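Data first, discussion second: the structure below is written as structure tokens.
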Amino acid sequence: AAVATSIDTTGVFVHLFEWSHSDVADECENFLAPMGYNGVQVSPPNEHITGSEWWTRYQPVTYNLTSRSGSPGEFQDMVDRCTAVGVDIVVDAVVNHMAAGGGGSGVAGTSYSNRQFPDYDQTDFHHTSDLDTNCAVTDYTNQQDVQECDLVGLPDLDTSSSKVQDTIAGYLNGLWDMGVKGFRIDAAKHQEASQMNGYISQLPDEALVFGEVIEGGNEAVKPEMYEPYMMVTEFDWAQDVAPNVISEGKLQYLSTVGESWGLIPSETAVIFTDNHDTQRGNAPLTYKDGEEYNMLNLFMLASTYGYPKVMSSYYFTDHDQGPPSAGANEDTCGNGSDWVCEHRWPGIAGLVNWRKTAVAGESGKPSMDNWASSDDGNTVAFSRGGAAFVVLNRAGNDVSGTYKTGLPAGDYCNVIVGSDKDCETVTVNGDGTVDVTTQSMTAVAIHTGALA
Ligand code: AAO
């Protein structure tokens, strides 16, 4: 944990949920690199069960790199092209379990039967006295139940076994050798943390690893248990912050978001507005909420807590609905029926390079300076690192104000407005203040990397 990961966690990454490898490669070159994103989380790239539902990707059959997103060759091409432009690939690693059910064949044609796969036999799974069966996860107050029974019917690998640890390490190290730099460990909560370290410790120290651990009230397994070994998802960030965007008058309370709110330490936290599960579940805001969702993203990117992951979705009406058949590109992004591409929304995209400039100005100690909030609590402004400044306006009306920016006098471009438009000039006065009007439900953001 003392070693810096090869992906800079002061930056921003994006989850291109269910994008094909070739579309991800194009997006790295055409959009993500120029806008400053430093990583992409891709859907599980290994062989999974057949079926059109999105969640078939969470039922592994083998660790061969054939999936709905493409072939092994396409995977390698994506890694090469993204890495070449400074965007690292983060793989969603499904290693807690294998495919459910009596058997079948995977998308690459590999057959499997009940709790038996080419890489694993029945003794590699937790089981009852009968090798064919196991208990089901039912009691989240019981650590053993959570970590040794089957999650939603998925055969639970025995992570205490050195054979299992070595097999998982083989999969992840193979990806590392191909150029993958990070791993989301799916269902980490269902694996005992020190046993997980049996495979994590076999990876290069520079690998970024974060575990998916949902904090639940009165549950036995807690995010803190994983912090010695990896970064951890902080699901409470969105649950706690979003209500302050949804209700009027509460943006003013966001100056202290972080450990004092009961969140895990900032350096270990991966944060997100919603993810592929919560947008189909209990996320307070998703793309379907439009402006308020956008505002939550803007605050996430401008503020100092955690390593932010932008969610990039496809339009869906049904929980199980799989991805669009159309490829993701400039024409199908935001067309109302294929890909939402939240990561391309102008304000969200504009704040990614803004954040880089902010961090570079801070020399290691992130802080929100010159914090100001309006009397009604709907409008806040702050600066970072003497290099970046933002106003966020949640009010139903435009708001004019004079704010301290912490920036050198000069003419800057408002990066919230589309980069394809002409620069909207914002002038910082000789005394470092700015007089600016911020439109309803949007922001004004300037930084020393985008001068008019
Ligand atoms: C599919 C079918 C199933 C079928 C199964 C096997 O849908 O009917 O039984 O196949 O044939 C995804 C889908 C599943 C799908 C699965 C496999 O979501 O529907 O099953 O692929 O294809 C728990 C885990 C967490 C997990 C989450 C979904 O702890 O790890 O459930 N997420 C990951 C992935 C997810 C994937 C899997 C794991 C499996 O991101 O996409 O499943 O690979 C509480 C607990 C949490 C628990 C949730 C949901 O959370 O604390 O640990 O997550 O409940 O059960 C508040 C509370 C919080 C609570 C939360 C949500 O925030 O504070 O405690 O609300 O209610």
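None of the values given here were measured: they were computed from a predicted structure. Atoms within a ligand are numbered from 1 in the order they appear, just like the ligands themselves.
- Comment: K181 does not engage E206 in a salt bridge, judged by the lack of any side-chain N to carboxylate O separation of less than 4.0 angstrom.
- Among residues at least two apart or in separate chains, ring pair (Phe, Tyr, Trp, His ring centres under 6.0 Å) pairs with a member in residues 161-187 are Y63-Y171.
- Under the 6.0 Å cut-off for aromatic ring centres, Y293 and Y287 do not qualify, their centroids lying 6.0 Å or more apart.
- Listed as neighbours of ligand 1 are W54, W55, Y58, Q59, H97, A100, Y140, V152, L154, R184, D186, A187, K189, H190, E212, I214, E215, G216, E219, H276, D277, N282, each bearing a heavy atom under 4.0 Å from the ligand.
- Y37 is linked by a ring-ring contact (aromatic ring centres under 6.0 Å, His included) to nothing, counting only residues two or more places apart in sequence or in another chain.
- Checked against ring-ring contact (aromatic ring centres under 6.0 Å, His included), H343 has the following partners two or more places apart in sequence or in another chain: W19, F31.
- Judged purely by atom type and a 3.5 angstrom limit, E234 has no side-chain atom pairing as donor or acceptor with the backbone of A269.
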